[in-house]
Amino acid sequence: VIDESYLDNVVVPTLRRAEEHNIAVTIELSPQGFPDWIFQEYPETQIPDNYGFLKCNIEHPIVQEIMKEHTRVIMNKVKDSPALQAINLSNETEYITNNSRQNLEKWHEYLEEIHESVEEMNELYGTSYESFDEVPIPNMENVKANALYYDYLVYKSKRNIAFHKMLADEVHKYDPDMPVHVKLMGFGVTNNDLMVRGGKDIEGFVEIQDWTGIDGGPEYGGGSGRMAEYVGMLDMLASMKEQPIFNSENHIISDGEER
């Protein structure tokens with residue numbers, strides 16, 4: 001049984017008022033808001049150590065099925081509203097740490113795909129594993145510049161993109177023309193550490209979006225350097241794919257600004 005009362009009592013009336021006042025609305029699917037009661041009932045659906053908002057294990061089949069059903073219910077309620085502008089697939093996703101059994105299994109499958117043999121892999125990594133299944137998930141708190149970490153970071157970005165593509169495909173199942181985007185933090189796009197560790201191959205992400213999503217802005221008081229960084233980020237994103245750039249959290253001011 002799915003409780004649709006919030007959609008009926010809050011979301012749908014909000015869309016009606018937006019239509020009356022000629023206001024465009026973007027709705028977020030928000031895997032970052034995954035319910036705690038599911039984590040309690042199915043502990044493997046949670047990745048509590050991951051940095052940021054994303055705490056659900058995107059490799060777990062229960063998480064994937066819930067997000068598909070979540071998308072179905074939302075889209076059937078909102079897709080025909082003239083006020084609905086787009087669907088935001090997720091908010092400020094940083095996918096750094098996933099030590100789950102499901103992710104480990106996918107990691108081993110990926111290693112077998114990209115390496116001709118365990119011996120070839122060992123030569124590249126400087127290791128002595130006897131099988132692909134012996135390779136652990138690398139420690140994301142201490143990333144090293146070597147082949148093992150490179151492979152894992154590429155793998156992790158591919159899996160993060162695959163999860164979001166699944167969400168995009170679910171949206172388009174109910175409305176093929178509905179634009180979708182992913183709200184990546186501008187800070188996470190221009191910060192090398194978060195971009196590399198956070199599972200965000202930006203060039204890969206733009207390919208699954210109808211609009212290139214972003215969260216960022218020049219921020220009042222940041223000076224000319226902050227504005228140059230912001231405009232440079234937009235130029236960089238525009239160079240990756242010719243499509244609209246949609247900033248759904250334009251930081252004219254910083255969080256907590258009190259001036």
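These numbers come from the heavy atoms of this one structure, side chains and all, not from hydrogens, waters or symmetry mates. Note that the numbering runs from 1 along the sequence shown for the chain.
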With a sphere of 6.0 Å drawn around [atom1] of [X], does it hold more than 12 non-hydrogen atoms of other residues, nucleotides or ligands?
X	atom1	result
N9	CG	yes
I2	CD1	yes
E123	CD	no

Quick one: does [X]'s side chain get under 4.5 Å of [Y]'s, heavy atoms only?
X	Y	answer
Y174	I74	no
L167	V171	no
N91	E249	yes
Y110	V154	yes
N160	T93	yes
F53	S30	no
Q64	I58	no
P218	N250	yes

I would like to know whether Y155 and R159 meet side chain to side chain contact (heavy atoms under 4.5 Å, CB included); could you show each step before the answer? CA-CA 6 Å; Y155 155 80; R159 297 306 302 164; 3.3 Å; yes

Would you call [X] and [Y] a salt bridge, using N to O less than 4.0 angstrom?
X	Y	value
E203	K241	no
R226	E219	yes
K165	D169	yes
R16	E19	no

Could you tell me the separation between the [atom1] atom of [X] and the [atom2] atom of [Y], rounded to the nearest 0.5 Å?
X	Y	atom1	atom2	result
S100	I137	OG	CD1	6.0 Å
E59	W107	CD	CH2	12.5 Å
N50	K55	CG	NZ	5.5 Å
I27	M178	CD1	CE	8.5 Å
L111	S131	CG	OG	10.0 Å
I245	M236	CD1	CE	9.0 Å

Among L54, L184, D215, exactly one meets side chain to side chain contact (heavy atoms under 4.5 Å, CB included) together with E92. Which residue is that?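 So the option named by the test is D215.
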
Return the minimal non-hydrogen interatomic distance between [X] and [Y], and the atom names on each side.
X	Y	answer
S128	N122	N-OD1, 3.5 Å
I96	G198	CG1-CA, 3.7 Å
N98	Y152	O-OH, 3.9 Å
N142	K144	ND2-NZ, 3.1 Å

Could you tell me whether the side chain of [X] and the main chain of [Y] form a donor-acceptor pair under 3.5 Å?
X	Y	value
E120	E116	yes
R197	V143	no
Q209	G213	yes
H70	I66	no

Chi angles and distances behind the side chain to side chain contact (heavy atoms under 4.5 Å, CB included) call for N103, N99: CA-CA 7 Å; N103 188 48; N99 294 317; over 6 Å; no

Residues forming a ring pair (Phe, Tyr, Trp, His ring centres under 6.0 Å) with [X], sequence neighbours excluded:
X	answer
F205	H164
H60	none
Y125	H115

I want to know whether H108 and F132 have ring centres closer than 6.0 Å.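 No - the distance between ring centres of H108 and F132 does not fall below the 6.0 Å cut-off.
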
With side chain to side chain contact (heavy atoms under 4.5 Å, CB included) as the test, would you mind laying out the steps for V63 and E65 before giving the verdict? CA-CA 6 Å; V63 170; E65 287 306 310; over 6 Å; no

Could you check whether [Y] and [X], counting side-chain N and O atoms only, form a donor-acceptor pair closer than 3.5 Å?
X	Y	answer
N247	Y230	yes
D3	S5	yes
D49	T97	no

Do M140 and L153 pass the side chain to side chain contact (heavy atoms under 4.5 Å, CB included) test, and can you show the C-alpha distance, the side-chain angles, and the key distance before you say yes or no? CA-CA 9 Å; M140 286 293 98; L153 293 171; 3.9 Å; yes

Listed by chain and number, what are the salt bridge (charged side-chain N to carboxylate O under 4.0 Å, His left out) partners of E134, not counting sequence neighbours?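 Here no residue qualifies.
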
Report yes or no: do [X] and [Y] belong to one cluster of Ile/Leu/Val/Met/Phe/Trp/Tyr joined by side chain heavy-atom distances under 4.5 Å?
X	Y	answer
L29	M166	yes
M233	W211	no
F39	F163	yes
M227	I252	no
M240	V180	yes

K156 to Y95 six-membered ring, cation-pi geometry met (6.0 Å, 45°):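 Yes, a cation-pi geometry.
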
List the atom pairs, with distances to 0.1 Å, where a side-chain N or O of residues 75-89 and a protein N or O form a donor-acceptor pair under 3.5 Å, not counting sequence neighbours.
from: N76; atom 1: ND2; to: R72; atom 2: O; distance (Å): 3.3
from: K77; atom 1: NZ; to: E4; atom 2: OE1; distance (Å): 3.0
from: K77; atom 1: NZ; to: D8; atom 2: OD1; distance (Å): 2.7
from: S81; atom 1: OG; to: A83; atom 2: N; distance (Å): 3.2
from: Q85; atom 1: OE1; to: T26; atom 2: OG1; distance (Å): 3.4
from: N88; atom 1: OD1; to: S90; atom 2: N; distance (Å): 3.4
from: N88; atom 1: OD1; to: K183; atom 2: N; distance (Å): 3.2
from: N88; atom 1: ND2; to: E28; atom 2: OE1; distance (Å): 3.1
from: N88; atom 1: ND2; to: S90; atom 2: O; distance (Å): 3.4

Out of Q46, R101, Q102, which one pairs with N57 under the side chain to side chain donor-acceptor pair (under 3.5 Å) rule?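 Among Q46, R101, Q102, the one that satisfies the side chain to side chain donor-acceptor pair (under 3.5 Å) with N57 is Q102.
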
Identify, with sequence neighbours excluded, every residue that meets side chain to side chain donor-acceptor pair (under 3.5 Å) alongside Y149.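 Residues passing side chain to side chain donor-acceptor pair (under 3.5 Å) with Y149: none at all.
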
Working for salt bridge (Lys or Arg N to Asp or Glu O under 4.0 Å), residues E94 and K200: CA-CA 8 Å; E94 300 294 337; K200 298 192 302 293; 2.7 Å; yes

